[in-house]
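Values in this document were obtained by computation on a predicted structure and should not be read as measured data. Lettering of chains follows the sequences in order, A, B, ..., and the numbering in each one begins at 1.
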There are 2 protein chains.
Amino acid sequence: MPTGVKRSSYHHGSLREALLDGARTLLTERGSQGFSLNELARRVGVSSAAPYRHFVDRDALLAELADQGYLGLRAALEETERPATTPADRIRRMGVAYLRFAADNPAVFGIMFQHRPDHEKARPLAFQPLVDVVGQAQQTGDLPDHVPPGVVARTIWATVHGLATLQLSRGFVGLGLEDSTENLVDQALTLLLRSPRPADRDRPGGPGRPGPAGSR
Amino acid sequence: MPTGVKRSSYHHGSLREALLDGARTLLTERGSQGFSLNELARRVGVSSAAPYRHFVDRDALLAELADQGYLGLRAALEETERPATTPADRIRRMGVAYLRFAADNPAVFGIMFQHRPDHEKARPLAFQPLVDVVGQAQQTGDLPDHVPPGVVARTIWATVHGLATLQLSRGFVGLGLEDSTENLVDQALTLLLRSPRPADRDRPGGPGRPGPAGSR
DNA sequence: GGGTCGATGTTAGAGTCGTCAACATGCCCA
DNA sequence: TGGGCATGTTGACGACTCTAACATCGACCC
């Protein structure tokens, strides 16, 4: 019997969930590099071979954690709908939620965006809410509509994702560019969204596209 | 003697460089996760303890690779100065160079932006060229100047960095958002740089503020 | 109720990895 | 000429991932 937690019955009962839960905390303690399946098993109180009854691989367990991460991220993004305001403001809230999610679950976030082929299914789920609201923002004129919504959403996503990863890797500290999560997102998106800033000079009235010329 | 390459003399002669070179190729083959110091030593034709005469740690070797990566990235960014054009165009070129560097050295790029405290010294080196050209772009009116240059540069960096990491992790494939490196950068920066229409990107309207409505 | 069978545990072990201590080699220089 | 120091090797330890063979036990069938 391993040195971890003792239990009365031979079978654990809900080992799979216990492993996933324990993995989350172990992952935040040790990072995705130092994460060890043996140590996880020890902590949960089972032998080091037991996890293999539930996951074919160490990587399979981490992949499942990543999948759950995508669900959590999507939930966090969708939750910004509650205080329903303008599309532009909701995009800001989404950006902040994205950075917060990354800061709160750094290791899971890292695993989510590692090169593994299976994520190509789960990722669109988390991405969809942003595409939706970008479409709305284009209709209200908060975002240029001479570009397909997917392209605009992709750019916003890249910006926010870049802020998140750079913040996680302490990317801004040596440069005097540290800032609060809200400021990071606000100042970045202000450059992208042509929205209510006081210096709101150029409403791209109607170059080629008709759109919001008088609709406002 | 290990099974790798045979050599005549007892001493290798230039083991340190051989290790760094071999590490780069092994890293691209196996990824930063599957990278093994033992396998590296085997390939270079040296015992598994030999690397410790030159690097205190496995991590120390990788950190050195990251430092060299920062130098290479900075060089790649500075090289965009040669075909000297407008600041806005140079920012575009820098973005493309950034994505290319990441695509050509995926594993090293990954190591460069992992949470290690020592990178906080090397990173500003690679970042500086962008800050410089952003300042120029603000003077020519290609970028808004009511925001400190560092903030604008930080935003552009985040956008480009996000594009790079998402491209590396195949972030766009499930979404029908794949695109060429040039298009990724161009379409993203077009939303940030208030430079003219997508069409006339060769001859950006020149100095002065690009008048919003009439500059077309 | 008794028997069996599959899911879920355990133990033991192979093979790899990172790292260290002790020893070997040979170039450089007094 | 010979000693010392940088740079190799050998051998070993502990930890890791993963597999094979065996143990336990609840569910289901008669």
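- In summary, Arg93(B) and Glu79(B) do not engage in a salt bridge, as defined by a charged side-chain N under 4.0 Å from a carboxylate O.
- Identified under the side-chain hydrogen bond (donor to acceptor under 3.5 Å, both in side chains) test for residues 165-175 of chain B, with sequence neighbours left out: Arg123(A)-Ser169(B).
- Between Asn38(A) and the phosphate of dA15(D), there is no side-chain N or O to OP1/OP2 separation shorter than 4.0 Å.
- Sorted by first then second residue, the ring-ring contact (aromatic ring centres under 6.0 Å, His included) pairs that include residues 166-190 of chain A, not counting sequence neighbours, are Phe172(A)-Trp157(B).
- Rounding to whole angstrom units, CG of residue Leu40(A) and C1' of dT17(D) are separated by 13 Å.
- Near-neighbour residues of DNA chain C inside residues 52-63 of chain A, defined by a heavy atom below 4.0 Å, number-ordered: Arg53(A), His54(A).
- Here the nucleotide nearest the side chain of Ala50(B), chosen from dT9(D), dC16(D), dC18(D), is dT9(D).
- Two rings, from His161(A) and Phe127(A), have their centers 6.0 Å or more apart.
- Put simply, CD on Gln33(A) is 16 Å from P on dC17(C), counting in whole angstrom units.
- Taking 4.0 angstrom as the limit, Arg42(B) places a side-chain polar atom (N or O) nearer than this to OP1 or OP2 of dC17(C).
- A straight line from CG of Leu37(A) to P of dT16(C) spans 20 Å, rounded to a whole angstrom.
- Between Ser36(A) and dC16(D) there is a side-chain polar atom (N or O) within less than 4.0 angstrom of OP1 or OP2.
- Nucleic acid contact class of Gly34(A) (heavy atoms, under 4.0 Å, all strands): none.
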* For the pair Arg154(A) and Asp179(B), evaluate salt bridge (charged side-chain N to carboxylate O under 4.0 Å, His left out) and give the outcome as yes or no after the intermediate values. => CA-CA 11 Å; Arg154(A) 185 224 274 157; Asp179(B) 214 331; 3.4 Å; yes
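- If you take CZ of Phe35(B) and C1' of dT16(C), they are 15 Å apart, rounded to a whole angstrom.
- Rounded to an integer number of Å, the gap from CZ of Arg16(A) to P of dG9(C) is 12 Å.
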* Step by step, work out the salt bridge (charged side-chain N to carboxylate O under 4.0 Å, His left out) result for Arg24(A) and Glu29(A). => CA-CA 9 Å; Arg24(A) 262 183 290 265; Glu29(A) 289 181 24; over 6 Å; no
